Peer 1: 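Quick one: the structure is below, questions incoming.
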Protein chains: 2
Amino acid sequence: MQDVSSHMVRRLQRFVSLTNAELALLADMERDSRAVSAGDWLWQEGDAADTLLVLTEGWSCSARYLPDGSRQLLEIFLPGDILGIGELADGKRRSDVSMLTDGRISEYAYPRLRELFERAERLRSALFVIANQRQAMLAERLVSVARRNARQRLAHFLCECRARLLEPASARQRFLLPLSQQDLADALGMSTVHISRTFSSLACLGLVRRRHYHILILDPARLERLAGFNGAYLQCDPQLLAPEPPAAEIQ
Amino acid sequence: MQDVSSHMVRRLQRFVSLTNAELALLADMERDSRAVSAGDWLWQEGDAADTLLVLTEGWSCSARYLPDGSRQLLEIFLPGDILGIGELADGKRRSDVSMLTDGRISEYAYPRLRELFERAERLRSALFVIANQRQAMLAERLVSVARRNARQRLAHFLCECRARLLEPASARQRFLLPLSQQDLADALGMSTVHISRTFSSLACLGLVRRRHYHILILDPARLERLAGFNGAYLQCDPQLLAPEPPAAEIQ
DNA sequence: CTCAAAAATAAACCTAAGTTATCGCAAGGT
DNA sequence: ACCTTGCGATAACTTAGGTTTATTTTTGAG
């Protein structure tokens, strides 16, 4: 189990433990990455989709743009996240994806993927699990936007970000959230003005502070209670499709 | 291509053409179904999940219940839909699913599934495609709830239902929508009162009429324009993960 | 260090949709 | 024929959050 520092590997190992062979494949997968800048498009709606993409460093997001000029952020991607899983199914990108920060990405084209999947069934299963978790996050955001008020909505989003970070729980009280109030508004279905108001109100309650893209969570427990946050949808224990490797080495 | 009448087969064949061997497997899958009544729970959040479930007849929906007593409908399932795909990944049901109408379901337990997947790779791919399409529908609903006003939201939902029906386009002008205004409100993040108002307003515009759970779409084109509906997310052409069978045997 | 551009805050005002309450109607049971 | 029950419509009133405009604050380029 070398290369512990890779975001992606750490992220995958939340779901499946990996054999050395699989780790080697993954290391290979990340080897030639390229730098990208904040604002760069990774792809746009309708593009042909025959690659997976690993966000080696940096944050990005997917969005839908509406005819009236507004946009809806659908997913936020953190370092180590794998992008474009679902799109493998139908060969077309279904939303625009752009970088929120500078970062690095490495791309994995389809022939290499076929090979990867054939050599590592459990990685394929891991992708299934990840796709599944993404769906759960989307459902949770739908619940937020449809049923929670502005304060709960923002609080819930902050709890989710906190829970998704790879840092140990103790280090998650204070973190970088590289989304402008405009981005947050577009993610949560609110106006920038109301995001600002709502941050003020959360600060008033002594729950959260935000300065220069840095979030400080003052009272995580109370924040989760206010938000109605239950992190269960972010966990998973994938016993069914991904049996543990018998012993020493595998398939 | 026997058993054309099966909802599920017709639904799957929107994505992949099936060999006789696969059709036989599916027929087997639906053979022993059991009747269920409107309101019955198919499962609840937290239940162990080691089965797939085919909705042979009838409509159902998945929902999240919130501490304040309100609920959010997440997905609407139509006859032929396969339920519980994502849950295979982590072995726990993540939302409550109940029947909207009387119907029939047939269950497929895990050992049989393993067998199914091993014998029919393209069916496994089809499941991936379906899971993917579900995610697209969820994303679209998030956009609806976050960005569209009540009229567009309801219009969009009706367009989506219309598009999902198996009937040929010509027969979709008038259809049964077995959701009460309460259900619609819970699905679209509105109040029942406002659902009522909004139906009135759509009727006023000469677009839609609803009586006793029956929808009549008077002007589909104008309705789609009003809703900003683009059905692309419901199609898909799954070339990547599901290569066509060699030759002779196709459908 | 300066200045322009971008981002955040603040205040005043507005509106879409929620809430509450009442009434009508159709379907089923007795 | 009568009552009950559930669903839908309508009206009056309230409110959360949007919009607009103006005023800071921060950032970043030179």
Side-chain angles (χ1 to χ4, degrees), chain A residues 37-39 66 68-73 98 100-102 144-158 176-205 208-216 226-227, chain B residues 37-39 66 68-73 98 100-102 144-158 176-205 208-216 226-227:
Chain A
S37 307
L66 285 107
D68 69 355
S70 69
R71 70 172 183 167
Q72 178 61 37
L73 294 201
S98 62
L100 288 164
T101 67
D102 294 347
S144 253
V145 172
R147 300 281 150 203
R148 299 196 243 258
N149 64 28
R151 227 159 44 196
Q152 296 178 305
R153 221 181 286 181
L154 182 54
H156 193 280
F157 183 79
L158 295 175
L176 176 77
L177 181 72
L179 282 80
S180 67
Q181 294 196 350
Q182 181 65 64
D183 296 327
L184 290 166
D186 290 348
L188 299 176
M190 310 169 46
S191 65
T192 56
V193 177
H194 206 51
I195 291 282
S196 177
R197 284 199 276 242
T198 306
F199 264 120
S200 303
S201 123
L202 286 177
C204 251
L205 294 171
V208 169
R209 267 169 31 210
R210 170 177 189 270
R211 279 183 74 84
H212 319 330
Y213 295 90
H214 281 271
I215 298 291
L216 172 62
L226 171 81
Chain B
S37 307
L66 285 107
D68 68 354
S70 68
R71 70 172 183 166
Q72 177 62 35
L73 293 201
S98 62
L100 289 164
T101 66
D102 295 346
S144 254
V145 172
R147 301 282 152 202
R148 300 196 243 256
N149 63 29
R151 220 150 59 188
Q152 295 178 307
R153 222 182 285 182
L154 181 55
H156 193 280
F157 184 78
L158 294 176
L176 176 78
L177 182 71
L179 281 79
S180 67
Q181 293 195 349
Q182 181 65 63
D183 295 328
L184 290 166
D186 290 347
L188 299 176
M190 309 168 45
S191 65
T192 55
V193 177
H194 207 48
I195 291 282
S196 175
R197 285 198 276 245
T198 307
F199 264 120
S200 303
S201 124
L202 286 176
C204 250
L205 294 170
V208 170
R209 265 166 35 207
R210 170 177 190 270
R211 280 182 72 86
H212 316 327
Y213 296 91
H214 281 272
I215 298 291
L216 172 61
L226 171 80

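As the structure is a computational prediction, the values presented were derived from the model and not from experiment. Numbers restart at 1 for each chain; the letters A, B, ... are given by sequence-line order, proteins then strands.
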Peer 1: Could you check whether B:Thr192 gets within reach of a base, just the sugar-phosphate, or nothing at all, counting any heavy atom under 4.0 Å?
Peer 2: nothing

Peer 1: Of the nucleotides C:dA8, D:dT20, C:dA21, which one has an atom closest to the side chain of A:Ser196?
Peer 2: C:dA8

Peer 1: From A:Thr198 OG1 over to A:Arg153 CZ, what is the distance, rounded to the nearest 0.5 angstrom?
Peer 2: 9.0 Å

Peer 1: Between atom CD in B:Gln181 and atom C1' in C:dG24, what is the gap in whole Å?
Peer 2: 14 Å

Peer 1: Between B:Arg209 (CZ) and D:dG8 (C1'), how many Å, whole number?
Peer 2: 16 Å

Peer 1: Of the listed nucleotides (C:dT19, D:dA9, C:dG18), which one gets closest to any side-chain atom of B:Met190?
Peer 2: C:dG18

Peer 1: Using only side-chain N and O atoms of A:Arg210, determine if any of them is under 4.0 Å from OP1 or OP2 of C:dA8.
Peer 2: yes

Peer 1: Calculate the interatomic distance between B:Arg147 atom CZ and C:dA16 atom C1'; express it in whole Å.
Peer 2: 15 Å

Peer 1: Tell me: CG of A:Leu184 to C1' of D:dG18, nearest whole Å?
Peer 2: 17 Å

Peer 1: Nearest whole angstrom, please: distance from the C1' of D:dT10 to the CD1 of B:Ile195.
Peer 2: 16 Å

Peer 1: By the 4.0 Å heavy-atom rule, please label A:Arg151 as base, sugar-phosphate, or nothing.
Peer 2: nothing

Peer 1: Without decimals, in angstroms, what is the distance between A:His194 NE2 and D:dT15 P?
Peer 2: 15 Å

Peer 1: Touch check for A:Ser180, heavy atoms < 4.0 angstrom, all strands: base, sugar-phosphate only, or nothing?
Peer 2: sugar-phosphate

Peer 1: OG of A:Ser201 to NE2 of A:His194: how many Å apart, nearest 0.5 Å?
Peer 2: 8.5 Å

Peer 1: Counting side-chain heavy atoms from CB outward, which of C:dA17, D:dA11, D:dT20 is closest to B:Arg153?
Peer 2: C:dA17

Peer 1: A:Ser196 side chain to A:Thr192 main-chain N or O, any donor-acceptor pair under 3.5 Å?
Peer 2: no

Peer 1: Rounding to an integer number of Å, can you tell me how far B:Asp183 CG sits from D:dG8 C1'?
Peer 2: 13 Å

Peer 1: May I ask you to establish whether B:Arg210 and B:Tyr213 are in a cation-pi arrangement, using a distance under 6.0 Å from NZ or CZ to the six-membered ring centre and at most 45° from the ring axis?
Peer 2: yes

Peer 1: Between the base of D:dG18 and the side chain of A:Arg197, is one N or O donor paired with an acceptor at under 3.5 angstrom?
Peer 2: yes

Peer 1: Evaluate the side-chain proximity of B:Leu177 to B:Leu184: yes if any heavy-atom separation is below 4.5 Å, no if none is.
Peer 2: yes

Peer 1: What integer distance in Å separates B:Arg211:CZ from C:dA27:P?
Peer 2: 10 Å

